[in-house]
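Values in this document were obtained by computation on a predicted structure and should not be read as measured data.
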Amino acid sequence: MKLTKSDFNLSCIEMGHFLLGKVLVRRLENNVIIKGKIVETECYLGGIDKASHSFGGRRTARNEAMFMPAGTAYVYMTYGMYYCFNISSKELGAAVLIRSLEPIQGIEKIEELRKMKMKNKISAKKFKTTELCNGPSKLCIGLDIRKDNLNRVDLCENDMLWLESPIDETDFTLVTCARIGIASCGEEWANKPLRFYIYQNLNVSKRDKKAEKYMESITL
DNA sequence: GACACGATTAACT
DNA sequence: GTTAATCGTGTCG
C-alpha cells in the first residue's frame, strides 16, 4: 500500500520511528522498479538542532525542502560528490535522513548503478547485497536519487519515488543511539539519541554496540 | 568575489 | 586504521 499525505503528518522523531520498516520505491526512467526497506534513520530537528542545515532558522535555496509540507524529499550534495536523501516532517525545518536500506527488488540494477560510480572495477565485483545500500549516499547512488531529479518532490504525488507499507509487517526491535558524522557541531547535539535502526539488521551502516548492550539489558 | 568546509565513501597502508 | 577525492554552499567582506 502506497503511503498517502496523512501518513506523513508526524513530528520529526515520530517520523524517524515510523519510517523504519517502510519500503522506499523508485521507478527509473526505463520503468525498472527498485525497492528497499528502510532500516536506519536520523532526525534533524531544525531551529534548535546544531547539526541541522536549518539550525537557527537558516532557510536558503538548498534547504528549502526542509520547510515544505511533510513528505517532501530533501536531497542535497555533500563532500562535493555524494547525495543524501531526507524526508521532511510536519515540523518546520525538520527532516529525517534515510541512512540505509535493505534491498528487496531490482537488486541487480542497484548493483549496476553502484558499480558504475566506482573507479576500481575489481573490488566492485565483490558486492554483497548488504553492502549495496548501507549508507546514506550509497542508497542514493543505488536508487539514482540526485538533487537535479528528485529534490523537493512530493513523495505522495509522484511516480518516480514513493513509499509503501511492507507486504509482511514483521516485528522488530528498535535501537536508539547518537547520529553519525556530525562531531563538529559540538558534543551536546552530536550525542543526542536521534539515530534509529532495526536491531540485528545486516544492512545498517554502523552498529552502536554500547547502545545495543544497554537496550538488551532492559528489554531482552 | 574569496574561501573554508562538509549529515561520505572508496582506496589506500 | 588513515586519507584523498571534489564542488556546491554559507558566510564574510
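Judged by distance alone, the side chain of A:Asn63 and the main-chain N or O of A:Arg58 form a donor-acceptor pair under 3.5 Å.
With rounding to whole Å, A:Ile141 atom CD1 is found 13 Å from C:dT6 atom P. The CG-P distance, from A:Asp49 to B:dA7, rounds to 11 Å in whole Å. Rounded to an integer number of Å, the gap from A:Tyr74 OH to C:dT9 C1' is 10 Å. In this entry the distance linking CG of A:Leu132 with P of B:dA10 reads 10 Å, nearest Å. Residue A:Lys117 contributes atom NZ, which lies 12 Å from atom P of C:dT6 at whole-angstrom precision. The OH atom of A:Tyr79 sits 16 Å away from the P atom of C:dG10 (whole-angstrom rounding). A:His53 has its NE2 atom 12 Å from the C1' atom of B:dT8, to the nearest Å. Taking atom CG of A:Asn86 as the reference point, atom P of B:dT8 lies 11 Å away to the nearest angstrom.
Judged by distance alone, the side chains of A:Tyr199 and A:Glu216 do bring a donor and an acceptor atom under 3.5 Å apart.
The phosphate of C:dT9 (OP1 or OP2) has no side-chain N or O of A:Arg58 nearer than 4.0 angstrom. Taking only side-chain nitrogens and oxygens, A:Thr60 comes nearer than 4.0 Å to OP1 or OP2 of C:dG10.
Taking the side chain of A:Ser137 as heavy atoms from C-beta on, and the options B:dA7, B:dT9, B:dA11, the nearest nucleotide is B:dT9. When each of C:dA5, C:dT11, B:dA7 is scored by its nearest atom to the side-chain atoms of A:Tyr44, the top-ranked nucleotide is B:dA7. Checked against B:dG6, B:dA10, B:dA7, the side chain of A:Arg99 finds its nearest nucleotide in B:dA7. Each of B:dG6, B:dA10, C:dT9 was ranked by its minimum atom distance to the side chain of A:Lys147; first place goes to C:dT9. Comparing B:dA7, B:dT9, B:dG6 against the side chain of A:Tyr82 picks out B:dT9 as the nearest. Of all nucleotides listed (B:dA7, B:dG6, C:dT6), C:dT6 comes nearest to the side chain of A:Met81. Nearest to the side-chain atoms of A:Tyr76 among the listed nucleotides C:dT11, B:dA7, B:dA10 stands B:dA7. With distances taken from any side-chain atom of A:Cys84 to the nucleotides C:dT11, B:dT8, C:dA5, the minimum falls on B:dT8.
Residue A:Ile182 is classed as a sugar-phosphate contact, given heavy-atom separations below 4.0 Å to backbone atoms only. Backbone-only engagement by A:Arg114 is indicated by non-hydrogen atom pairs under 4.0 Å involving sugar-phosphate atoms exclusively. Using a 4.0 Å heavy-atom cutoff across all strands shown, A:Ile180 reaches sugar-phosphate atoms only and no base atom.
With a cut-off of 3.5 Å on both pairing distances, C:dT6 has no Watson-Crick or G-U wobble partner at all. Of all nucleotides present, only C:dG1 satisfies the Watson-Crick or G-U wobble test against B:dC12, with each distance under 3.5 Å.
Both tests do not hold together for A:Lys210 against A:Tyr214: distance to the six-membered ring centre under 6.0 Å, angle to the ring axis within 45°.
For A:Tyr83 and A:Phe85, the distance between ring centers is not under 6.0 angstrom.
Between A:Phe127 and A:Gly181, the residue anchored closer to the 5' end of DNA chain B is A:Gly181, taking for each the nucleotide with the nearest heavy atom.
A continuous path of hydrophobic side-chain contacts links A:Phe196 to A:Met215 [ILVMFWY only; heavy atoms under 4.5 Å].
With values rounded to the nearest 0.5 angstrom, A:Lys206 atom NZ is found 5.0 Å from A:Ile180 atom CD1.
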